Protein chains: 2
Amino acid sequence: MERGRGALGPALELVHTGRAPTRAVLTAELGVTRATAGAVAAELEALGLITVDARPAAAGSQGRPSHRLSVAPGGPVVLAAQIHADGFRAALVGLGGRMVATAPGCMTVPADPSHIIDAVVEAGAGLLRETGRRCLGAGLAVPSAVAEPDGTALNPLHLSWPAGAPVSRLFTEALAKAGVPGPGEGPATGFTGNDVNLAALAEHRHGAGRGARHLLCVATGHRGVGGALVLDGRLHSGSSGLALEVGHLTVNPAGLPCHCGSRGCLDVETDPLAFLTAAGRAPGPEVSLLQQARDLLRTEYGDPAVRAAAELIVDRLGLGLAGLVNILNPDRIILGGLHRALLDADPERLRAVVADRSLWGRSGSVPILPCTLDHNSLIGAAEAAWQPVLDDPLTVLG
Amino acid sequence: MERGRGALGPALELVHTGRAPTRAVLTAELGVTRATAGAVAAELEALGLITVDARPAAAGSQGRPSHRLSVAPGGPVVLAAQIHADGFRAALVGLGGRMVATAPGCMTVPADPSHIIDAVVEAGAGLLRETGRRCLGAGLAVPSAVAEPDGTALNPLHLSWPAGAPVSRLFTEALAKAGVPGPGEGPATGFTGNDVNLAALAEHRHGAGRGARHLLCVATGHRGVGGALVLDGRLHSGSSGLALEVGHLTVNPAGLPCHCGSRGCLDVETDPLAFLTAAGRAPGPEVSLLQQARDLLRTEYGDPAVRAAAELIVDRLGLGLAGLVNILNPDRIILGGLHRALLDADPERLRAVVADRSLWGRSGSVPILPCTLDHNSLIGAAEAAWQPVLDDPLTVLG
DNA sequence: TGACTTTGTGCCGACACTAAACAAAATACG
DNA sequence: CGTATTTTGTTTAGTGTCGGCACAAAGTCA
């Protein structure tokens with residue numbers, strides 16, 4: 001007599017993304033009857049995933065007030081991990097993108113990927129032991145294109161890893177080694193993805209991308225530029241995981257040579273090093289290039305040389321974004337890393353360039369927004385790990 | 001006691017695309033029991049959409065031979081129409097992409113779009129009267145980007161139409177005026193789309209794109225270059241119908257100026273006029289540029305100047321395709337128009353350029369194929385018109 | 001206080017599908 | 001040539017999910 005099994009996944013996703021604060025709007029969003037929505041909510045509560053408030057929320061409007069739906073505070077979590085040029089970070093993340101516990105770890109990233117993957121997984125396993133939370137999956141974000149379906153890192157940027165490192169397999173093996181439990185009997189199977197892709201997913205679910213149908217994200221790390229596309233709520237990673245490698249769009253035909261064989265690629269023309277160079281600053285070794293570029297932009301934007309350099313980079317970034325708009329026609333663009341800082345410094349210039357150089361930009365220009373989530377790659381890794389639960393809670397939880 | 005209503009749409013699509021020749025494979029493809037597949041087939045037959053052969057097909061293998069499923073020969077049709085630089089064409093198209101009747105019409109395309117839209121719809125209505133077939137929808141292909149959701153033609157290429165012509169509204173009004181019946185009581189509501197987009201849809205369903213998950217199509221008309229993307233069986237037209245405007249990718253930084261403000265765009269560097277010019281031929285006024293370019297390629301490929309021109313265009317096209325591969329990561333590419341002819345002339349050169357300039361092309365290059373369907377834009381217009389029936393046959397047919 | 005509005009729940013039936021047994025029509029094998 | 005085997009199709013009964021509807025609950029409004 002259990003009702004509402006088919007709508008279980010969609011309902012959980014609505015609560016997860018905060019789009020269903022009450023059973024009444026859950027009813028409307030799912031397009032089902034109140035009876036079904038009530039049954040679905042009861043089932044999700046029985047599974048320990050959400051809570052239905054005992055006291056109705058204060059009713060501002062007419063009619064019987066609704067009870068509030070929210071993510072269960074003590075519910076299950078997933079293990080989220082991120083590896084970047086300066087080290088790693090591990091965290092436990094609950095539904096709703098809530099960071100439950102984190103373990104920052106800094107170390108020089110070794111040339112052997114398995115070392116650091118073991119370390120980050122061990123840190124996550126430690127958090128699980130400390131908190132005693134149930135773990136339903138694991139996700140890992142790496143600064144590299146990750147080929148599907150084999151899960152190899154094709155261009156592990158500045159990690160001194162060998163190209164083609166089997167990161168997905170190493171991650172899953174590390175989870176087994178550390179005894180991280182999966183939803184069923186055996187160990188968890190981990191998902192490994194590109195950090196910008198996962199950041200886009202996180203921004204779409206919980207950040208500046210909420211509600212966008214076709215969301216384009218572009219971000220710099222310390223070097224190079226990454227892109228990601230979320231279509232109708234799902235990450236578009238192409239037929240083999242290699243979509244949105246936007247770094248080699250031509251944005252300055254007479255520009256710097258790029259290792260790809262062309263000249264003036266987005267990668268070499270708009271990353272932090274390009275900005276520092278354009279501003280006439282020799283990058284120092286003490287902090288990351290991204291940090292130096294951000295600091296320069298924040299503290300010396302009054303300096304004409306710095307400002308001119310910023311405008312130059314913005315113009316080239318705008319050219320690249322316009323090209324992407326012509327191809328992808330997104331309804332929102334989100335920028336991260338240095339690009340986000342450049343957008344903050346002069347929002348109008350970038351929007352104007354994009355509108356001017358995209359074919360139909362004049363009629364209705366695309367909103368360009370800064371990303372809003374802290375640790376969005378990490379949260380995105382968690383989102384990927386949650387995905388099987390969101391797709392079918394019953395199969396995962398039994 | 002009617003079984004198999006939910007699976008009706010998917011089942012019809014399988015028969016429509018020829019992927020379900022028998023009830024046995026229909027069972028496997030739908031992932032249901034034989035009982036359900038049988039009921040679904042019976043329901044579709046009762047609706048007059050498919051036929052189940054009385055005699056079993058000659059059995060080559062063991063076991064009871066399967067009865068053949070096929071599209072009902074005398075079944076309903078949709079009205080498909082296409083407008084291009086040289087005139088228009090109207091046709092009735094059944095399921096399976098079968099052209100049932102066609103009415104080619106040539107006229108100089110007038111500056112007022114409503115005239116020719118009325119004419120093409122009137123031609124289609126004539127076919128309906130002649131054949132007496134039931135009409136379930138209508139689709140129109142135009143050589144222009146069509147903005148959604150308002151259905152206006154933004155850049156009606158070489159049709160001397162005003163930019164922003166409300167083609168979708170004009171088409172629907174013409175259908176009402178000509179008395180073309182829709183599935184229900186009132187007149188049909190027409191779908192209007194870009195011709196390359198619709199061609200891609202047709203190739204994906206019935207042509208060289210069958211089975212591709214992420215299909216990229218690039219084609220020239222007489223002038224300019226169009227692109228289209230089919231993702232998981234659905235056309236990706238972006239958030240406002242303007243995706244895959246690929247004509248302004250930079251493929252020759254020092255190239256010809258383009259009306260978009262840049263230089264060396266795919267549009268001006270790889271279209272028929274670019275080829276004729278590169279080969280040192282002055283285009284004549286008698287036949288279309290596309291025809292002249294194709295003829296030149298076919299008859300004088302031995303001429304070193306012609307061959308050099310072809311290779312130049314191929315190299316630039318390859319650069320553009322490589323850029324698209326880096327962004328979209330399709331698992332197949334289909335070329336039309338002059339690009340198709342260039343591919344036929346020297347398949348290896350184009351594939352080599354794309355593999356060399358796409359980031360991960362060396363590891364596993366993308367298949368590049370010529371389009372295989374005659375009148376693929378017209379068939380694609382029909383596909384768009386069929387879509388509501390494929391999505392939910394019962395609602396449309398009652 | 002009573003009418004109205006909105007939310008939540010219990011009960012019943014519709015219905016799409018599965019499961020399992022049976023029937024049919026071919027090939028394979030003795 | 002007849003029987004076993006394999007594969008396909010159909011019938012029947014059963015199951016689970018959801019919609020419809022009536023009713024209850026909990027607030028606002030007059």
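Predicted, not measured: the structure shown is a model, and the values here were computed from it. All values below were derived from every heavy atom in this structure, side-chain atoms included, with hydrogens, water molecules and symmetry-related copies excluded. Residue numbering restarts at 1 for every chain, and letters A, B, ... go by the order of the sequence lines.
Between R5(A) and dT17(D) there is a side-chain polar atom (N or O) within less than 4.0 angstrom of OP1 or OP2.
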- request: Test I334(A) against L215(A) for side chain to side chain contact (heavy atoms under 4.5 Å, CB included), laying out the working first.
  value: CA-CA 8 Å; I334(A) 291 182; L215(A) 176 69; 3.7 Å; yes

task: For salt bridge (Lys or Arg N to Asp or Glu O under 4.0 Å), just list the numbers for R234(B) and D232(A), CA-CA rounded to whole Å, side-chain angles, deciding distance to a tenth of an Å, and then say yes or no.
output: CA-CA 12 Å; R234(B) 318 289 294 205; D232(A) 290 319; over 6 Å; no

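When each of S168(B), S240(B), S237(B) is tested with E148(B) by the rule side chain to side chain donor-acceptor pair (under 3.5 Å), just one qualifies, namely S237(B).
Without hydrogens or angle criteria, H16(B) side chain to G96(B) main chain gives a donor-acceptor distance under 3.5 Å. Side chain of H67(A) to main chain of V52(A): no donor-acceptor pair is present (N/O by atom type, distance under 3.5 Å, no hydrogens or angles). A donor-acceptor pair under 3.5 Å is formed between the side chain of H204(A) and the backbone N or O of A212(A).
As a whole-Å value, the separation of R34(B) CZ from dT12(D) P is 17 Å. One atom, CG of L394(B), and another, C1' of dA16(C), lie 12 Å apart when rounded to the nearest Å. Straight-line distance from the CG atom of D53(B) to the P atom of dA26(C): 14 Å, rounded to whole Å.
Across its full length, the helix from dT1(C)-dA30(D) to dG30(C)-dC1(D) shows an angle of 0° between the axes of its 5 terminal pairs at either end, rounded to 10 degrees.
With a 4.5 Å cut-off on side-chain heavy atoms, L369(B) and R332(B) count as touching. Side-chain contact between V25(A) and L14(A): absent, with no pair of heavy atoms (C-beta onward) separated by less than 4.5 Å. Between W386(B) and L95(B) the shortest side-chain heavy-atom distance falls below 4.5 Å.
Distance from the side chain of A35(A) is smallest to dG10(C) among dC18(D), dG10(C), dG8(C). Residue T33(B) has its side chain nearest to dT18(C) when only dT8(D), dG8(C), dT18(C) are considered. Looking at the side chain of T36(B), the nearest of the listed nucleotides dT18(C), dT7(C), dA21(C) is dT18(C). Comparing dC18(D), dT7(C), dT8(D) against the side chain of S66(B) picks out dT8(D) as the nearest.
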Look for any protein N or O under 3.5 Å of an N or O in nucleotides 28-30 of chain C and output each such pair with its distance, or none.
| from | atom 1 | to | atom 2 | distance (Å) |
| --- | --- | --- | --- | --- |
| dA28(C) | O4' | Q62(B) | NE2 | 3.4 |

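Side-chain contact annotation: T131(B) with R133(B), donor-acceptor N/O pair under 3.5 Å absent. In summary, the side chains of S70(B) and R68(B) do not present any donor paired with an acceptor at a separation below 3.5 Å, with no hydrogens or angles considered.
When each of A7(A) and H67(A) is assigned the nucleotide of DNA chain D bearing its nearest heavy atom, the one mapping closer to the 5' terminus is A7(A).
No engagement by A37(A) is indicated, since no non-hydrogen atom pair under 4.0 Å with the nucleic acid exists.
No N or O donor and acceptor, one from the side chain of R64(B) and one from the base of dT7(D), sit under 3.5 Å apart.
Contacts with DNA chain D (heavy atom under 4.0 Å) in residues 14-31 of chain B: R23(B), A24(B), listed by number.
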